[in-house]
Amino acid sequence: MAVDYTTQTTGGIGDAVLRKEDRKFVTGEGRYVDDLKLPGMLHAAFVRSSFGHARITSIDATAALALPGVHAVLTHATLPVETGVLSASNPGGDVRHPEQAILAKEFARYVGEPVAMVIADDRYLARDGADLVHVEYDPLPVVVDAEQALEPGAPLVHAEYDSNLVKTLEHVTDGFDDAMAKASKVIKLRVDNQRLTPSAMETRGCIGDWQEATGEVTLYTSTQVAHFVRTFVSIVCGTSEAKVRVVTPDVGGGFGAKLNTYREEFAVCAASHVVGRPVKWIEDRTEAGVATIHGRAQVQYYEAGVTDEGRIVALKFDAVQNNGAYNMLLTPSISHLTLFMVPGLYDIQDISIRIRQTFTNTTPTDAYRGAGRPEATHGIERLMDAIADDLGIDAVEIRRRNFIQPDQFPYSSATGLVYDSGEYEMNLDKALELSDYAGFAARRAESEANGKYRGIGLSTYVEVCGLAPSAVTAALGIGAPGWEHSTVRLHPTGKATVITGTSPHGQGHATSWSQITQTELGIPFEDVEVIHGDTAFQPYGLGTYGSRSLAVGGIALYRSLGKVREKARELAAHLLECSMDDLEWTGSSWQVKGSPDRAKTIQELAYAGWTSASLPEGLEPVLEATTFHDPPNFTFPSGTHVCEVEIDPDTGRVEVLNYTAVDDCGNVINPLIVDGQVHGGVIQGLGQALFEETVYSEDGQMLTPTLVEYLVPSAADVPPMTLARTVTPSPSNPLGVKGIGEAGTIGASAAIVNAAVDALSGLGVRHIEMPMQPARIWNVIQEATS
Amino acid sequence: MIPSTLAYTKASSIDEAVAAVAAGAVPLSGGQSLMPMMRLRLAAPEAIVDLGGIPELVGICEDENEIAVGAMTIHREVAASELIRAHAGLVADAAAGIGSPQVRNRGTIGGSLGHADPHSDMPATLIAAGASVLVRGPNGERRILVEDLITTYLTTTLEPGEIITQVRIPKGDDHSAYAKFHRRAIDWTIVGVAICIGDDGVRAAATGVADRPVRLSAFEEVLNGGGSLDDAIARIAEGVEPHAGLDGSVEYKKHLLGVLARQAHAEASSR
């Protein structure tokens, strides 16, 4: 649907309300970690390994310490911590978790690994000091490629193990061999989902402030998961969790890269303990290229057993996941998410999956927008086109023949998930109509007349969101639950404070949560303040990632609002001298049924609850409620994306001419925010499809450390987009919501690559790897035509 | 940006700037190249002298034979100049396509030449236009053809203490154009071709195919000898030495030369 970009500034559920938090951001009034200045604050810079793999033979800080303004140079030997970085991920129970010391201990295993830390009066001096720390390295053999890392005789990233294998995830259904044997044809495809560098506008940064007299530690940090960070700081730094406070000011994007706990966060706390003053570290952009986690980096081998009609009867998936040099918070679980989504939205009941995770001498990988699901979707959607091509069946038709049908929900997938709802052909049909799929042949002919190749591609996806039922996360080997917290507090003046355990960093929760509050409790949108991001006043919250905030945190809010409304009802009945059953909810007040003159507004009840002049027996003062909501299931958004590209054979440039996205994210709280998420998500998928790739040389040097080499698309690279929605409400939660934060990214890359392959299919091209930069496409055309 | 400690002065006259540069300061013009290098600490000057306070270094004017562009004139002004558009369209083409609007509002024509990056657009177009620079140093003023200014990566024939004060572009009927190719909408040029069809023949130069901007001599020779464009393009890569990189292979970049030469030639001929 075409969006009406209304100037409506307040509203309830479903209204296209402008975001209440945007004024401060667009006027430069946001407050990020780097805006914070504490009295006496010092600044840190890290000395980082310039080798992909080396033994550290000596660290000489004499010259740095002689520099006026340098207070300390800390190394593994002198940084007071109890342990290294911890991972919360252990799928299958026997994952190799090597020690990841906060500062490198004897060995450096990737370029950028922190080796020493310089504390100085200002950021410039700290950097000068870091340049003066002399580290002697004894270089060791390097392996950066995940498949090479598994070969016999490959250099060992961690010498304590006999191989670079981290973990093998396997899942084979009983009937797989028989089903594959009965297939009339087996179609194979190799797909490389390249390594990416998450590139949030705000790099990471943190300030550690250790109060010697009280033992209290305050950490200001740019994170998606403040409470995780607090728990882990207490363990790593050896202090009571009750004495650690983590503050998350405004956060300028994360995309999963801030769903982690990093060495620098622990290091600034420990360093503050050493120097007795607050210590700040702000990551610079080039540092971010090596010091913040990477995403994707998965090579996949597909074998599809198909019937002559194009039904997939058995699917084999064998992949190698590059975990990097260490496991971060969730690294081993990311490709586990791929495992779950291997069959996509197709009814494939016989499946064989093996994912081998490896260590390499590279920056660790972990969650990046979509986290394991874009890899699965890109692969299966490329495979569907390869099958269609091989069998001579239309790309649309092959999908129709394999879709899970509406009457199959709830659908038990071959990988053990239960899909909640969906109507995949509805998405597909709508997208085909909006993109004028039927009229494509004429447009292709027009391009051909101009010497260009034109192609159309589609991607149909389902994803798993709303992370996560806690019993499931436990079963998956994740050492953390998946519930979420909310508190709703009504003030004497009738205004509301909502405390949420989610951790918005661009998603617009202040707006959406206010809309839910207006609809469910009748407190006007503008009277609702949403606060978050300080463990001192918040109950434990799990944070924002995995498209979970609305489907889990929003439901926690919904339930707290319901509790407040029911408490208000009890109070209203007392004040109106009737029974609770005599009352009806008008949307903003409780009134005696059929008697509008006998009513109490929610604001009046908030005041009455505070004054407590007359409360019913047993009712506590104050309208306030708290909920910890653990979701009963995941949610499963789906969609169809279609795009058209034109390829210039002279230069190899792939131009995306138009893009249509039809998404089913269940019920929508704010269509503007949903559209914004789809726009941003599609652009990130487009970045992967066309431009972005994190490249290492064979000796482990990072070749794309800055935004000159690592090509993040700008607004000028964005094609015209047509967005539309279908709605199949999730039955798993009372709002019927599913999640939309990652859908665009999950759907986009395959649609764009499929369009490019379609454009060149006349030359016999069957597959193209990402990113489809001009030089690669030109080579593909040269090879196909020579 | 986290540079090392440095001394900063802002010159108010050319003489003051020359004195500072002669004493070892690095001249700062628009800061679109020097600042990123300082950010990465690839450059760590102990002193910089800001040329932003010298009025006579800014502006575009003409005499009978040449257009004079002050070295501190920003790309946006060059791109918008009707005078430059009328006589040297390729220079306006290049200025209009450098980086982003933010870069064009800060970056200067003199700074781009002095920085001598082989992927910068301005040098090749000025070579094809037959332009010169006026430079001022401790020993006074001299004139250098842009073609003789840049010798290799980030290296010029400027003597110690010299700064570029003006760019001189010959006037004439404009049959010129610059065509370039890059990956994102806003990005560094992979390859660019500048062509100027003048009364004395065709001059062509390229960006991104060597350690410096280069004349496309074989291409010119064929066209100036009466040969066809196809024949000229067949020889266009003679003498160029592009580097293979993440942006493309040697073969690809040589191929792009031909593609862009055809575009630039068509555009220049139509003007």
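Quick caveat: nothing in here was measured; it's all calculated off a predicted structure. Convention: sequence-line order gives letters A, B, ...; per-chain numbering from 1.
- Shown here for B/L113 and B/I150, the closest heavy-atom pair between the two residues is O-CD1, 3.9 Å.
- Residues B/S228 and B/D230 bring no donor and acceptor atom of their side chains to less than 3.5 Å of each other.
- Within residues 259-271 of chain B, the residues having any heavy atom under 4.5 Å from a heavy atom of chain A are, by residue number, B/V259.
- Contact annotation for A/L707: only backbone heavy atoms (N, CA, C, O) come within less than 4.5 Å of a heavy atom of chain B.
- Between chain B and the residues A/R653, A/Q782, A/R285, the most heavy-atom pairs under 4.5 angstrom are made by A/R653.
- In this structure, B/H115 and B/M37 have side chains that are in contact, with non-hydrogen atoms separated by less than 4.5 Å.
- The greatest number of non-hydrogen atom pairs below 4.5 Å with chain B, out of A/T706, A/L711, A/T704, A/D128, is found for A/L711.
- For A/D122, no part lies under 4.5 angstrom from a heavy atom of chain B.
- Checking each of B/D121, B/D93, B/T125, B/T189 against B/Y178 for a side-chain hydrogen bond (donor to acceptor under 3.5 Å, both in side chains) leaves exactly one that passes, namely B/D121.
- Within residues 235-255 of chain B, the residues having any heavy atom closer than 4.5 Å to a heavy atom of chain A are B/L246, B/D247, B/G248, B/E251, B/Y252, B/H255, listed by residue number.
- Between the side chains of A/T203 and A/E287, no donor N or O sits under 3.5 Å from an acceptor N or O.
- For the 3.5 Å distance criterion, the side chains of A/S447 and A/E646 qualify, holding a donor opposite an acceptor.
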Apply side-chain contact (heavy atoms from CB on, under 4.5 Å) to B/V26 and B/V49, showing your working.
CA-CA 6 Å; B/V26 173; B/V49 55; over 6 Å; no

side-chain contact (heavy atoms from CB on, under 4.5 Å) between A/M721 and A/I683, intermediate numbers included:
CA-CA 10 Å; A/M721 288 191 217; A/I683 294 164; 3.8 Å; yes

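- B/S100 does not touch chain A: none of its heavy atoms, backbone or side chain, sits under 4.5 Å away.
- With B/T207 contributing its side chain and B/A124 its backbone, the two residues share no donor-acceptor pair below 3.5 Å.
- Proximity to chain B (any heavy atom under 4.5 Å) is shown, for A/D650, by both the backbone and the side chain.
- A donor-acceptor contact shorter than 3.5 Å is absent between the side chain of A/T197 and the backbone of A/G289.
- B/R183 and A/Q773 share a donor-acceptor pair across their side chains, judged by distance under 3.5 Å alone.
- For the 3.5 Å distance criterion, the side chains of B/R39 and A/T286 qualify, holding a donor opposite an acceptor.
- The most heavy-atom pairs under 4.5 Å with chain B, out of A/N779, A/D131, A/L125, come from A/D131.
- Checked options A/V695, A/V144, A/N322; the residue passing with A/R195 is A/N322 (criterion: side chain to side chain contact (heavy atoms under 4.5 Å, CB included)).
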